[in-house]
Trainee: 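This is the structure I have questions about; it appears just below.
In what follows, every chain begins at residue 1, and chains take the letters A, B, ... in the order their sequences are listed.
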Amino acid sequence: MTDSGKPTLLVVDGHSLAYRAFFALPVDNFSTKDGQHTNGIYGFLSMFVNLLKAEKPTHVAVAFDTSRQSFRTRVYEEYKANRSESPAEFKGQIPLLQECLDAMGVPVLTKEDFEADDILATLATQGADRGFQVLVCSGDRDTIQLVTDDVTLLYPSVQGVSQLKRYTPEAVVEKYGLPPHNYPDIAALVGETSDNLPGVPKVGEKTAVKWLTQYGTLDELLERADEIKGVVGGNLREHLDDVRRNRQLNALLRDVEFEYEPEDLAVRPLDTQAVRDIFARLEFRTLLPRVFEAVGVEPEPVEPDVVAPTPVQAAPADLAAWVAQRSEETALTLTVVDGRPGRLGVATLTDVREADWSDDLAAALRDWLEGDAPKLVTDAKVQVKALRRAGIRLGGLVFDPLLAGWLLRPSLPDKSLADLVDRYLDEKLPVADPTQLVPETEGATPGQLAWFSLRVAEAQRGELPESVASVLTDIELPTLDALADMELAGVAVSKEKLGGFSAELGARADAIAQEAYAIIGKEVNLGSPKQLQEVLFEQLELPKTRKTKTGYSTDAAVLADLQESNPHPFLGLLLQHREATKLRQIIESLTVGIAGDGRIHTTYVQTGSQTGRLSSTDPNLQNIPIRNEESRRIRAAFEVGAGYETLLTADYSQIEMRIMAHLSGDPGLIEAFNSGEDLHRFVGARVFGVEPADVTPAMRTKVKAMSYGLVYGLSAFGLSKQLRIEQSEAKQLMLEYFARFGAVRDYLRSSVEQARIDGYTETIFGRRRPFPDLTSPNRVLRENAERAALNAPIQGSAADIMKIALFEIHGDLASRGLSSRVLLQIHDELVVEVATGEWDEVAEIVRVRMGDAADLSVPLDVQIGRGGDWDEAAH
DNA sequence: AATCCAACGTA
DNA sequence: CGTACGTTGGATTA
């Protein structure tokens, strides 16, 4: 509200202000990690938020042009015809900006055939008529004509979009010497070059104002044009039609037919989650609190549209009887406290029952829990593990909304039932307010969580394609079961081995550091990129390297390049220091992760990747060093546990290349894998036209890099850089390669094209990954999507195959009553702890299950190793 | 104290 | 200008 007590209506021209912001802010500082430019969006929102805060409008809307075409271009086809195409970097920002505004609860208005300014004019006029104080914010000078006592124009100054000049009638008179309604007359005479509307030659603002003051109105002036003397008078008489045309075109329409009236534009509560999501996508951080502050409302807790049934407390026997008579799918939620079952809730769509976990309850429910009765559990792995600790193996798991949500949209960060309730039901999951001692709002109970899970699942099933549903049922759920056991088992790690190695590395790092300090004559933190830059590029005056966001890169590749071009002892020491401290860090994180049982229990995140792979956290056991001899000492600390005989490692060789051979059907590549010859030797022989025996190591290295690069969408540039060869040679290598293995290139091309049509890629087993950016006008975005889309079916199919092998092995070991157990999965490798006397049987199971996990047109080769520790077993 | 960034480990 | 991940310490920001 303004001082006058009137409601305030703020209407903004989104396009013109975002465009100004686009040029005002450096593109380089405003783009996301995947290349989306955001400077226009950021600049606009920043200004908009300031406006909201300063003006506190009660009603608000942002208008956009629909296209360059409007009724004006039909009246005068040259209208704005001189405008160059707006840059591609800008175009993509408008839809994103509209998404932001939408999330903020701000109406986004467009109208086919009209410009944003006509929308502003209509709303301003209506608003003033209906008693609003109106604020118009636009970067188009024509909107000056809208200014009245009730309508103020906020116009960006040349300094930038954040400085807005207020045009009241007085301010307009002061600046132009005439009241606002005369402004279009001035503009018609002067012309507007940006709209491609030529005016009267030699007539500028001064002359126009003088004439209009003299004759009162434009019509009068044009009528009596012959009274004006001199060259300008002649010019005026020659351009009368131009002036009339200009005046016709620069008049803004105040009566556009419109679905909104000013009253409909009352400020709405913003959708905090949606704002968070879109800002996260755009990588806006500082803007978020500013938006929340400007809006002034803490995010309102939205009342749930549907209220969950009140849970019925049940005695163990009653609960057992109740679940036993259910034939339909029952949802189940178990609270987990320190890895143990807490309280159990079960639900159908109409009924919710609960009971605290107890031995009695466990006994009463065991048959049902372990049986095949269909059950639905959100985030099942955690609960499956808790039940296993309590001696119960959950059976009949048919659905997990968290897995389903990930399969549907692998890119989304939905990590909890609350996220899913928001996304699929558009409701808020009731949560107890943790900031209050006696919470005002009750959180959902376990049974109610189960009830919500059921409803989320219902919504998800509606959009779950059959192929994706089968991935859930046939791959993910069985995998979940295996992962639960792997996490519970953990892997034995020797603190002694790690500790000894860490001490050695520490001593070495210190010695190296001292030596390095001596060379540069001072002590710096070698782990600080900032201090290193000072030493390298200023003190030692080494040539500047690749730029990063914060300065110049000092990564290993850059240092190695520097060492070659400008050898300096400090560089070598720095690299050695990095290596030693890195290994120490890894050891440290592993040591912290060793539990009371002497084993590391990692957590596999089943919904952690875009492609279908697993990821591993706390600690990550999928990136334990292996590349050089020394670092393998860390692997050697992973040992067979007490009571077991040995470790078994099994890995797929070249699984991604094999999948590519299968998917492309390339006869040469298929022959390569069926020949039994070393792959790279075979490919090298074909590419270089020699006998396999005559393939030199250099040749092998080249085709190997090429083969692996293919799977990632490598370019000639990238290949040349990796192999340190000329780009022309890399290009030639690619040509020769594709001349022999052409079907591979055809496949890669067509698979991206298909993905562009479908909007997603699909693995051999039907797992999908959406790729909206394949049709983006933004080249960086599009090409990034193309490479990812090329890789997704290959990496994803490999992930599917490994998952299948994993749960089959897990199942076989259990069903045959073996004590051996799978411990780790590292994408294409499994580590199994083999019980005494079980080696032969286990090795056979692993070999067969991995080899038969998929039926491809090439064999799946499995390498098996045995040893007392992970390093030994790798040989 | 929380968050970002460069760097680097793996498949 | 090579896909997919997670963790770290230092720097930066709140």
Trainee: I'd like to know whether A:Glu762 forms a salt bridge (Lys or Arg N to Asp or Glu O under 4.0 Å) with A:Arg767, so could you lay out the CA-CA distance, the side-chain angles of the two residues, the decisive distance to 0.1 Å, and finally the verdict.
Mentor: CA-CA 5 Å; A:Glu762 206 165 34; A:Arg767 178 193 306 277; over 6 Å; no
Trainee: Using the side-chain heavy atoms of A:Ala788, tell me which of these nucleotides is nearest: C:dG10, C:dT3, C:dC5.
Mentor: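 Closest nucleotide among those given: C:dT3.
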Trainee: By the 4.0 Å heavy-atom rule, please label A:Thr554 as base, sugar-phosphate, or nothing.
Mentor: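 If one applies the 4.0 Å heavy-atom cut-off, A:Thr554 turns out to touch the sugar-phosphate alone, with no base involved.
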Trainee: Remember a base hit wins even if backbone is also touched, and classify A:Ala556 as base, sugar-phosphate or nothing at under 4.0 Å, heavy atoms.
Mentor: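 Contact class for A:Ala556: sugar-phosphate only.
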Trainee: Write down the distance between CZ (A:Phe771) and P (C:dA4), rounded to a whole number of angstrom.
Mentor: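 It is 7 Å, rounded to the nearest whole Å.
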Trainee: OP1 or OP2 of C:dG6 sitting under 4.0 Å from any side-chain N/O of A:Ser615?
Mentor: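 For C:dG6, OP1 or OP2 has a side-chain N or O of A:Ser615 closer than 4.0 Å.
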Trainee: Please report, rounded to the nearest Å, how far the P atom of B:dC8 is from the CD1 atom of A:Ile624.
Mentor: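 Spelled out: CD1 on A:Ile624 to P on B:dC8 is 18 Å.
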Trainee: For A:Gln795, report the nucleic acid contact type (base, sugar-phosphate, nothing); a contact means any heavy atom under 4.0 Å.
Mentor: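 Since a base atom lies under 4.0 Å of A:Gln795, the category is base.
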Trainee: Side chain of A:Gln585: nearest nucleotide among C:dA4, C:dT8, B:dT10?
Mentor: C:dT8
Trainee: Does A:Asn525 put a side-chain nitrogen or oxygen below 4.0 Å from OP1 or OP2 of C:dG10?
Mentor: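 Yes.
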Trainee: Determine, for A:Tyr760 and A:Arg769, whether the Lys NZ or Arg CZ falls below 6.0 Å from the six-membered ring centre while staying within 45 degrees of the axis.
Mentor: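 No.
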Trainee: Classify the ring geometry between A:Trp870 and A:Phe638 as parallel (under 30°), tilted (30 to 60°) or perpendicular (over 60°).
Mentor: perpendicular
Trainee: Let me know which of A:Arg849, A:Met486, A:Met850 forms a side chain to side chain contact (heavy atoms under 4.5 Å, CB included) with A:Leu806.
Mentor: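 Only one option passes, and that is A:Met486.
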Trainee: Looking at every strand, decide which applies to A:Gly608 at a 4.0 Å heavy-atom threshold: base, sugar-phosphate, or nothing.
Mentor: sugar-phosphate
Trainee: Are A:Tyr737 and A:Phe741 an aromatic pair, judged by ring center distance below 6.0 Å?
Mentor: yes
Trainee: For A:Gln610, answer base if it contacts any base atom (sugar-phosphate contacts may also be present), sugar-phosphate if it contacts only those atoms, and nothing otherwise; contact means non-hydrogen atoms under 4.0 Å.
Mentor: sugar-phosphate
Trainee: What's the gap between B:dA6 and C:dC1 when it is taken at their P atoms, as a whole Å value?
Mentor: 15 Å
Trainee: Is a donor on one side and an acceptor on the other found under 3.5 Å between the side chain of A:Arg847 and the backbone of A:Ile864?
Mentor: no
Trainee: Could you check which of C:dT7, B:dA6, B:dT10 has an atom nearest any side-chain atom of A:Pro529?
Mentor: B:dA6
Trainee: Once you round it to whole Å, what is the distance between P of B:dT10 and OH of A:Tyr604?
Mentor: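 Atom OH in A:Tyr604 sits about 16 Å away from atom P in B:dT10.
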Trainee: Contact class for A:Ser553 vs. all strands (heavy atom < 4.0 Å): base, sugar-phosphate, or nothing?
Mentor: sugar-phosphate
Trainee: With a 3.5 Å cut-off and heavy atoms only, can you find an N or O donor on one side and an acceptor on the other between the side chain of A:Arg578 and the base of B:dA7?
Mentor: no
Trainee: Is the distance from OP1 or OP2 of C:dA11 to the nearest side-chain N or O of A:Lys530 less than 4.0 Å?
Mentor: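 No, A:Lys530 has no side-chain N/O under 4.0 Å of OP1/OP2 on C:dA11.
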Trainee: Tell me: CD of A:Gln531 to P of C:dT12, nearest whole Å?
Mentor: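 Taking atom P of C:dT12 as the reference, CD of A:Gln531 is at 10 Å.
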Trainee: Looking for any heavy atom pair under 4.0 Å, which part of the strands does A:Arg787 touch: base, sugar-phosphate only, or nothing?
Mentor: sugar-phosphate
Trainee: From C:dT7, C:dG2, C:dA11, pick the nucleotide closest to the side chain of A:Asn620?
Mentor: C:dT7
Trainee: Counting any heavy atom closer than 4.0 Å, what does A:Arg779 reach on the DNA or RNA strands: base, sugar-phosphate only, or nothing?
Mentor: nothing
Trainee: Please determine, for the side chain of A:Tyr712, which listed nucleotide (B:dA6, B:dC8, C:dT3) has the closest atom?
Mentor: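 In terms of side-chain proximity for A:Tyr712, the closest of B:dA6, B:dC8, C:dT3 is C:dT3.
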Trainee: Does any N or O donor sit under 3.5 Å from an N or O acceptor when you compare the side chain of A:Gln622 with the base of B:dT10?
Mentor: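 Counting by modelled atom types and ignoring angles, no donor-acceptor contact under 3.5 Å is found here.
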Trainee: Which part of the nucleic acid, if any, lies within contact of A:Ile626, taking any heavy atom under 4.0 Å across all strands shown: a base, the sugar-phosphate backbone alone, or nothing?
Mentor: sugar-phosphate
Trainee: Using atom CH2 of A:Trp406 as one end and atom P of C:dA4 as the other, report the distance to the nearest whole Å.
Mentor: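 Going from A:Trp406 (CH2) to C:dA4 (P), I get 14 Å.
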Trainee: Report the nucleotide, chosen from C:dC1, C:dA4, B:dC5, that has the shortest atom-to-atom distance to any side-chain atom of A:Thr550.
Mentor: B:dC5
Trainee: With a 4.0 Å cutoff (strictly under), does any side-chain N or O of A:Thr548 reach OP1 or OP2 of B:dA6?
Mentor: yes
Trainee: Of the listed nucleotides (C:dA4, C:dC1, C:dT7), which one gets closest to any side-chain atom of A:Ser715?
Mentor: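 Of the options given, the side chain of A:Ser715 lies nearest C:dC1.
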Trainee: What is the separation between atom CG on A:Asn791 and atom C1' on B:dA11, rounded to the nearest whole Å?
Mentor: 11 Å
Trainee: Find the distance A:Leu583:CG to C:dT8:P and express it as a whole number of Å.
Mentor: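 Atom CG in A:Leu583 sits about 14 Å away from atom P in C:dT8.
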Trainee: Quick check: A:Phe570 with A:His577 (ring centres under 6.0 Å apart)?
Mentor: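 Centroid distance A:His577-A:Phe570: not below 6.0 Å, so no.
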Trainee: Can you check whether A:Arg613 has a side-chain N or O nearer than 4.0 Å to OP1 or OP2 of B:dT10?
Mentor: no
Trainee: Is the phosphate of C:dA11 approached by A:Ser528 (side-chain N or O, under 4.0 Å from OP1 or OP2)?
Mentor: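 Yes, A:Ser528 has a side-chain N/O under 4.0 Å of OP1/OP2 on C:dA11.
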Trainee: In whole angstroms, how far is the P atom of C:dT3 from the CD atom of A:Gln654?
Mentor: 22 Å
